[in-house]
Amino acid sequence: MPTTPTLTLCDNLVSALTTAWAPVAPSQAERHYFKRITDEDEASGLAESLRLADGERRVVIFPVRYASQYAARAEDLFTHEVQVLTAERHHAAGDPTKTWIDERVDFVFTRIVSGFDFRTPPTWNRFLRTISQDTLICDVEKLTAGGKLFWSLVSIVFEETRSV
Amino acid sequence: MAATSAVKPAVNARAYRNTGTYGSPTWTNIGLVKDNQESAPWDMVEAGARETKAKLYAKTRIDIGETLVVRADDLDAGYNALADAAESQTTAIDMLILDGLISVEGVRGYRAHFLVNKTGKPMDIDGIIYVTYELKPTWATDGYPSKVVMGAASSPTFTAF
């Protein structure tokens with residue numbers, strides 16, 4: 001188990017999302033530092049190249065940055081910056097429909113943006129709260145390229161008070 | 001370990017409350033204290049005569065005051081002790097307030113039964129709640145306020161005013 005607080009947070013987010021979403025394989029959520037998901041990357045055969053099957057939705061939670069400062073005599077205040085990627089290929093012939101895209105955009109809003117909006121701390125960490133979120137709804141260039149990839153990225157900043 | 005010459009980081013300053021008896025205290029750190037502002041000015045009265053043209057003063061009484069900024073936490077015993085005392089007209093807490101760790105020789109501070117006054121509790125929409133408490137010494141049959149210097153092995157020397 002990692003000991004870095006931001007990694008622990010990401011693992012907890014993966015667990016919380018998996019519980020709420022209940023993905024059907026091969027769809028899944030995971031924590032990682034990078035993934036290769038573009039058309040060229042999929043063909044590369046490298047270890048982290050994701051070959052997204054039909055109906056496979058991948059959520060990858062990336063630790064980006066953390067900072068800490070004194071919060072009290074026996075506590076530090078950690079700021080965690082995390083990015084959450086949601087990716088899925090449109091395998092059917094033709095352009096993805098507006099309805100198909102809406103469904104994925106709504107997934108991001110419901111499961112990621114709302115799901116990780118901890119204005120009240122979650123039961124698994126009573127010292128965590130969400131500070132801000134910034135969402136790329138859909139990368140249209142990737143969606144209209146050959147691979148027809150839905151790609152949405154949510155950047156989230158959390159604060160956590162930790163005992164020292 | 002004997003006292004050494006070094007900077008004194010304020011983050012190591014401590015506010016302990018006594019969870020034992022006055023004679024056999026158990027000093028329990030209130031870990032949620034964020035900031036502390038201490039003041040202890042003496043009242044100064046004019047005491048000169050015609051022997052010199054310079055005004056002369058004498059100290060009469062020291063006015064010890066502590067201002068603690070504490071993160072609110074419903075389950076923390078130290079926070080609840082302060083909150084309960086703040087809401088009471090008479091409850092005082094036997095506290096040892098030091099400018100360092102209790103285990104460090106040479107650390108200084110005050111011990112007194114403190115009355116607690118809540119003077120601030122901002123609840124801004126994007127904030128975490130911190131409460132400001134102002135502490136002033138009060139009567140106690142056990143003993144009056146004293147200054148404290150920590151010695152070896154966490155043993156304090158108390159000196160009454």
Side-chain angles (χ1 to χ4, degrees), chain A residues 3-10 12-13 16 63-84 109 112-136 154-164, chain B residues 7-17 19 27-38 66-83 95-104 107 109 120-133 135 150:
Chain A
T3 55
T4 303
T6 307
L7 302 187
T8 303
L9 168 62
C10 290
N12 287 332
L13 293 173
V64 177
R65 183 189 302 272
Y66 66 87
S68 64
Q69 64 188 74
Y70 299 148
R73 300 300 160 84
E75 292 183 330
D76 280 347
L77 179 66
F78 272 73
T79 303
H80 306 282
E81 189 178 330
V82 167
Q83 288 190 327
V84 183
F109 176 74
I112 310 300
V113 175
S114 298
F116 293 163
D117 183 6
F118 303 127
R119 58 180 60 203
T120 297
T123 54
W124 43 268
N125 186 341
R126 305 302 296 174
F127 297 91
L128 183 76
R129 67 184 187 129
T130 307
I131 298 300
S132 66
Q133 297 182 322
D134 186 88
T135 303
L136 171 67
V154 184
S155 299
I156 312 176
V157 178
F158 298 98
E159 269 187 1
E160 180 189 14
T161 302
R162 296 180 63 86
S163 297
V164 293
Chain B
V7 295
K8 289 169 70 82
V11 71
N12 290 332
R14 289 289 184 270
Y16 300 93
R17 68 189 178 96
T19 55
W27 297 115
T28 304
N29 179 39
I30 303 177
L32 297 182
V33 172
K34 177 175 179 280
D35 301 320
N36 181 19
Q37 175 68 45
E38 182 176 277
E66 307 279 349
T67 302
L68 305 179
V69 179
V70 185
R71 183 172 69 77
D73 185 331
D74 298 342
L75 293 183
D76 185 83
Y79 167 73
N80 279 315
L82 289 168
M95 294 186 69
L96 177 64
I97 298 183
L98 301 175
D99 64 2
L101 299 170
I102 198 170
S103 58
V104 175
V107 161
K121 189 177 183 181
M123 291 181 274
D124 301 339
I125 188 170
D126 58 351
I128 292 290
I129 295 177
Y130 285 85
V131 186
T132 301
Y133 294 109
L135 280 57
M150 297 307 301

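Residue numbers begin at 1 in each chain, while the letters A, B, ... track the order of the sequences.
One distance of note links CG of B:Asp73 with CZ of A:Arg126; it measures 10.0 Å at 0.5 Å rounding. The structure places OG of A:Ser163 at 8.0 Å from CG of B:Leu32, a figure rounded to the nearest 0.5 Å.
Contact of B:Ala13 with chain A is made through backbone and side chain together, with heavy-atom distances under 4.5 Å. Looking at A:Arg129, the atoms closer than 4.5 Å to chain B (heavy atoms on both sides) all sit in the side chain, from C-beta outward.
Annotation: maximal heavy-atom pairing with chain A below 4.5 Å, among B:Asn12, B:Asp35, B:Asn29, occurs at B:Asp35.
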A:Phe127 and B:Ile128: CA distance, side-chain angles, deciding distance, side-chain contact (heavy atoms from CB on, under 4.5 Å) verdict
CA-CA 10 Å; A:Phe127 297 91; B:Ile128 292 290; over 6 Å; no
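The stretch residues 63-78 of chain A places A:Tyr70, A:Ala71, A:Ala72, A:Arg73, A:Ala74, A:Glu75 near chain B, each with some heavy atom under 4.5 Å from a heavy atom of that chain.
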